[in-house]
Amino acid sequence: MWAMKQVILQSRLYAGQAVTRAVEDAKTKPGVVIQASGIGRYGPHGDEVLDKSAPYGSDFLSDVACQWEASTGAVERWGVRRVILHTNAVLERDGGMLPRMLLPIRLFEGGPLGNGHQWLSWIHREDEVRALRFFLKTRMSMEPST
């Protein structure tokens, strides 16, 4: 299991290093680098509502997210704005993972997972695309004002 975890972690770190090298080597630097991460960074939680100020979790997935996000931090040295987007499952009626989730139910094989009270944080594909377009077009800081 440890070997597979290393493969997962290294794949993220290599990708971040490749992005960083590409920005460093670019004659004209991009205005923004958007890095898609996930809500797994927060670790397992119950019913509490979390926002971006919540700390990283302490499990494997949180550690991968933390290292993956840090892997592109150097682009900021070259004046490139870095946006880290934390979303989860992208759902839509005709694509993404929703049709696969619905298939067993349509075949009368599905049912609740666990006790049926688990959260599934999701975003519609159209909203994900709108968020990405917003970050590409907007130069303002996303940090809360103090």
Side-chain angles (χ1 to χ4, degrees), residues 1-106 110 112-114 117-146:
M1 182 59 103
W2 174 246
M4 186 49 112
K5 287 182 174 182
Q6 281 301 108
V7 168
I8 292 168
L9 176 60
Q10 289 306 313
S11 72
R12 293 351 179 247
L13 296 180
Y14 292 152
Q17 292 164 2
V19 168
T20 301
R21 278 193 309 276
V23 170
E24 182 179 24
D25 293 345
K27 289 184 171 107
T28 303
K29 305 295 185 212
V32 62
V33 166
I34 298 176
Q35 187 171 7
S37 195
I39 63 169
R41 77 179 288 278
Y42 302 110
H45 282 274
D47 288 342
E48 65 269 35
V49 176
L50 303 173
D51 64 20
K52 72 178 194 168
S53 67
Y56 284 89
S58 58
D59 62 328
F60 171 72
L61 186 55
S62 301
D63 184 51
V64 168
C66 179
Q67 291 188 58
W68 155 241
E69 293 169 17
S71 72
T72 60
V75 302
E76 295 174 350
R77 290 192 303 229
W78 302 297
V80 176
R81 184 171 60 102
R82 185 170 61 119
V83 173
I84 299 174
L85 188 63
H86 295 120
T87 60
N88 203 31
V90 178
L91 299 181
E92 65 175 307
R93 180 179 299 210
D94 299 320
M97 66 184 254
L98 185 59
R100 290 183 180 168
M101 292 170 58
L102 293 177
L103 181 61
I105 294 168
R106 289 185 177 136
L113 301 174
H117 294 281
Q118 294 80 5
W119 286 87
L120 174 62
S121 179
W122 65 277
I123 185 169
H124 190 277
R125 179 187 53 87
E126 193 172 294
D127 292 326
E128 180 92 353
V129 170
R130 284 181 181 151
L132 291 168
R133 290 180 73 186
F134 173 82
F135 289 124
L136 284 170
K137 292 179 177 182
T138 306
R139 291 287 304 161
M140 62 185 244
S141 169
M142 293 291 103
E143 294 303 314
S145 57
T146 54

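When a residue number appears, it is its place in the shown sequence, counting from 1. Values below: all heavy atoms of this structure, side chains included; hydrogens, waters and symmetry mates excluded. Note that the structure is predicted; figures quoted are calculated from it, not measured.
Minimum heavy-atom separation, Gly40 to Ser62: O-OG, 3.1 Å. Across all non-hydrogen atoms, the minimal contact from Pro30 to Val80 is O-CG2, 3.3 Å. Between Ile105 and Met101, the shortest heavy-atom distance links the atoms CD1-O, 4.0 Å.
Distance NZ/Lys29 to CD/Glu24: 7.0 Å, rounded to 0.5 Å. Between atom OH of residue Tyr56 and atom CG of residue Leu61 there is a gap of 11.5 Å, rounded to the nearest 0.5 Å. Taking NE2 of His124 as the reference point, atom CZ of Arg93 lies at 8.5 Å (rounded to 0.5 Å). One distance of note links NZ of Lys27 with CG of Asp25; it measures 9.5 Å at 0.5 Å rounding. Here CZ of Phe134 is found 10.5 Å from CD1 of Ile34. Values are rounded to the nearest 0.5 Å.
The backbone N or O of Trp68 lies less than 3.5 Å from a partner atom in the side chain of Gln35, making a donor-acceptor pair. Distance alone, capped at 3.5 Å, is enough to place a donor-acceptor pair between the Thr20 side chain and the Ser71 backbone.
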Output a table of donor-acceptor pairs, distance under 3.5 Å, between side-chain atoms of residues 84-91 and any protein atom two or more places apart or on a different chain; print 'none' if there are none.
residue : atom : partner : partner atom : Å
His86   : NE2  : Arg41   : NE           : 3.3
His86   : NE2  : Glu69   : OE2          : 2.8
Thr87   : OG1  : Glu128  : OE1          : 3.3
Thr87   : OG1  : Glu128  : OE2          : 3.3
Asn88   : ND2  : Ser121  : O            : 3.0

Name every donor-acceptor pair, under 3.5 Å, that has one atom in a side chain of residues 1-15 and the other anywhere in the protein, sequence neighbours excluded.
residue : atom : partner : partner atom : Å
Ser11   : OG   : Ile8    : O            : 2.7
Arg12   : NH1  : Ile8    : O            : 3.2

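Contact annotation: the side chain of Glu92 never approaches that of Leu98 to less than 4.5 Å [non-hydrogen atoms, C-beta and beyond].
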